[in-house]
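One structure below.
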Amino acid sequence: MRSTFTLFRNLTLSTLHSQRTLPFRLLPTRLIAAAADQRVPHEHLIFHFAVEPEADEKRLPRPDVEVMELSQVPELWRRSRVAWLCKELPAHKAGTLIRILNAQRKWLRQEDATYIIMHCLSIRQNETAFRVYKWMMQQSWYRFDFALATRLADYMGKEGKFAKCREVFDDIINQGRVPSESTFHILVVAYVSSPIQGCLDEACGIFHRMIQLGGYQPCLSLHNSLFKALVNKQGNFSKQYLKQAEFIYHRMVTTGFNVHKDIYGGLIWLHSYQDSIDKERIQALREDMLHAGIDESKEVLVSILRACARVGEVEEADKTWSKLLQLESNPPSQAFVYKMEVYSKVGMPMKSLEVFREMQLKLGNTSVAAYNKIIEILCKAQASEFAESVMTDFVNSGLKPPTPSYVYLLNMYFNLESHDKLEEVFSQCLEKCRPNTAIYNIYLDSLVKVGKLDKAEDIFSQMFRDASIGVNARSCNIILHGYLYAGNNLKAEKIYDLMCQKKYEIDAPLMEKLDFILSLRRKIIKKPTSLKLSKEQREILIGMLLGGLQIDSDDQRKNHIIRFDFDGNSESHYVMKSHIHRQFYDWLHPTFKPSDDSENIPDKFCTIASSHFGFYADQFWSKGHPTTPKLIHRWLSPCVLAYWYMYAGHRNSSGDVLLKIKGNREGVESIVKKFKAMSIDCKVKGTGKVFWIGIMGSNTTWFWKLIEPYILEDARDFTKADVYIMGQDLMETQDINFNSESDE
């Protein structure tokens, strides 16, 4: 009893006489930063206005939580137990915490639970407070407390826990109450600050409900913060948020807020990326800028040039170009590209070529985008001599990649039916760059058209065998066309089987001919099957998840999204990116599904939300953070190791193999034991939450023999090089010395 009383007295005194006295005064924590992996627009919009919604949030009113001081509790034993729970609960995980609370059911009441929740919030144990609150809601004596729910939601949101903040927010609405203005504000900012796909849409929805349901007037900084998030992506991805951006602008004008010049610039920027350009609206925004006394900046003028290029407005483009020259004598290269495109739209390719030559004289150098654009324009105009001349300059400049320009050239020769010239350019492409599926498809189509079916068959087989090239629906339709019209029905059926397996769509004219052939052989036409991960896809995912692949889950953890992220500066990642994009094409979000001939695969893309990824989310991202499964040693096949090595493996200057893994030490130890069972000795070094598994000396030879059959063909030269280190990983690995005493 003496020790129990001493514990109670110490906890009570520390609670009552420290800076965290009741009523609780909780300091706001900083919100998590916006995602570093958000894609930046080509013409980056620089915002000069202050975006500090946290400062405005401090001034918003909140209801006070009524909570009894511990000293006012009459029963000594109750005070002692509540004080013990305040100390004990934050030290335990969710399962143990619930068991402890369940053991107190006989005496614990709402007033006691409220005190524990507020105490946990005061010492920044927000997760514990949330778990106690959810447990309290399940008890028979629970009564809804608006002030407590508001306080908890606000502090979960401030910590960036938007899912838990939203859960309490929805509980408030389900009780028939309108959340406080502070809760709306904090939840919007929490969503805006999150990099997870879909959060920006949720932020817009909460912003609308704040106005319509709550009748609140959001502050200026919240308008600015949400608007900045809408335009803080690449133009092709941001253009879907035009209506929301216009709504924010309308609210700012009608509320009487001071509209910053970057709001005008951002709106014009969004309009310039639309598929259908609203010239009248852009003109109205420009007039509003003039009335507000704001001059058009360089970014605004470039956006207007982009809009002119989309609709072919030569006169307006010339006026804008003159204004741009007044601001700076050497406009950005992208402005020259848009001016070239304007003249191309009105059928003046030679004028576009003049603009290109002018850019070379003024800027002294030429961007890859400019070369690709002028070659595209000249090839569409079938100006073959000029296109070849510019292409020669492009290749000699050493700029990369020239692949899109080769696609334009090959298409031009195909349309001109210059098949000999097409084959010559294809051979040159093999020497100068790494051809892709689109280039091979054009060459394959040319071979079929001129009747070289045997050579076409060899090329198709090469594409099928080489994972870095691969085949797609167009490749199969081309070779299927060749077989059908050559009367080779047996090979045509094999291609048909392949297309059914890959779920490729067959062209209608070919399908009619196939129906007749299959009916003669009484072959049943196969129906497409539902999506299901293949064995190879499962092994690829495990290998890349070990290397740091990210999974996002919804609030109920029923559907999950795989987020593929590749290093644009890595040759190996460039090869791997194309391969992974093809392997998971059927699973990708429609935003990341370009046409068959497009090679504009972004460095970052994601899958659709699917329950099929639930196993991987539970094993590798069980709590929103990377973990290593307990049974990982059972899944380390050579294929898994190969993709792990290609995605997150490196070689230092000594030739040692370093495998990067984010997870827990127990999982790393399990992997090390598995390696030893494979007769591969290794060492481990930990730097924070990241571990490096080092395979040294003769062990690297055995490791390479194990994974070599699964290394992508075009990636072997890079993965087997003496030094294979990318970006920031180079700085991380420089300080790792496996010759010193290992962590393992």
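Computed from a predicted model, the values in this text were never measured in an experiment.
Between His573 and Tyr647, the distance from one ring center to the other falls under 6.0 angstrom. Ring pair His589/Phe605: centre-to-centre distance not below 6.0 Å. The six-membered or imidazole ring of Phe426 lies away from that of Tyr406, with a centre-to-centre distance of 6.0 Å or more. Taking the six-membered ring where the residue is Trp, the centroids of Phe184 and Tyr216 are separated by under 6.0 Å. Within the 6.0 Å centre-distance limit, the rings of Tyr264 and Tyr249 are counted as a close aromatic pair. In this structure, the ring of His581 has its center no less than 6.0 angstrom from the ring center of Phe564.
Other residues, nucleotides and ligands contribute over 12 non-hydrogen atoms within 6.0 Å of the NZ atom of Lys362. Shown here is Phe414, whose CZ atom has more than 12 heavy atoms of other residues, nucleotides or ligands within 6.0 Å. No more than 12 heavy atoms of other residues, nucleotides or ligands shown are found within 6.0 angstrom of NZ on Lys662.
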Passes side chain to side chain donor-acceptor pair (under 3.5 Å), Tyr371 versus Asp393? Steps please. CA-CA 9 Å; Tyr371 270 121; Asp393 293 341; 5.4 Å; no
Chi angles and distances behind the salt bridge (charged side-chain N to carboxylate O under 4.0 Å, His left out) call for Lys279, Glu316: CA-CA 11 Å; Lys279 296 184 288 185; Glu316 185 61 38; over 6 Å; no
Output, in order, the C-alpha distance, side-chain angles, deciding distance and verdict of salt bridge (charged side-chain N to carboxylate O under 4.0 Å, His left out) for Lys239 and Asp275. CA-CA 9 Å; Lys239 66 180 183 181; Asp275 296 329; 2.9 Å; yes
Side chain to side chain donor-acceptor pair (under 3.5 Å) for Gln550 and Asp552? Distances and angles first, verdict last. CA-CA 7 Å; Gln550 184 177 337; Asp552 294 337; 3.0 Å; yes
Decide yes or no on salt bridge (charged side-chain N to carboxylate O under 4.0 Å, His left out) for Glu202 and Arg166, but give the supporting numbers first. CA-CA 10 Å; Glu202 293 293 338; Arg166 179 63 181 271; 2.9 Å; yes
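Note that Lys158 lies in the cation-pi zone of Tyr155, set by a 6.0 Å cut-off to the ring centre and a 45° limit from the axis.
Each of Asp154, Ile186, Thr183 was checked for a side chain to side chain contact (heavy atoms under 4.5 Å, CB included) with Phe169, and the lone residue meeting it is Thr183.
Scanning all heavy atoms of the two residues, the minimum distance from Ser238 to Leu270 falls at O-CD2, 3.3 Å. Summarising the geometry of Leu327 relative to Lys298, their closest heavy-atom pair is CD1-N, 3.8 Å, with the distance given to 0.1 Å. The two residues Ile277 and Ser272 make their nearest non-hydrogen contact at CD1-O, 3.8 Å.
Ion pairing of Glu341 with Arg306 is absent here, as no side-chain N (NZ or NE/NH1/NH2) approaches a carboxylate O to less than 4.0 Å. Look at Glu296 and Lys319 and you find no salt bridge, because none of the NZ, NE, NH1 or NH2 atoms lies under 4.0 Å from a carboxylate O. Ion pairing between Asp445 and Arg474 holds under the 4.0 Å rule for side-chain N and carboxylate O. The pair Lys351-Glu354 counts as a salt bridge, with a side-chain nitrogen and a carboxylate oxygen less than 4.0 angstrom apart.
A side-chain N or O of Asn472 and one of Asn441 form a donor-acceptor pair less than 3.5 Å apart. Neither side chain, Tyr273 nor Arg310, offers a donor N or O lying under 3.5 Å from an acceptor on the other.
Here the CG atom belonging to Leu226 is positioned 10.0 Å from the CZ atom belonging to Phe247, to the nearest 0.5 angstrom.
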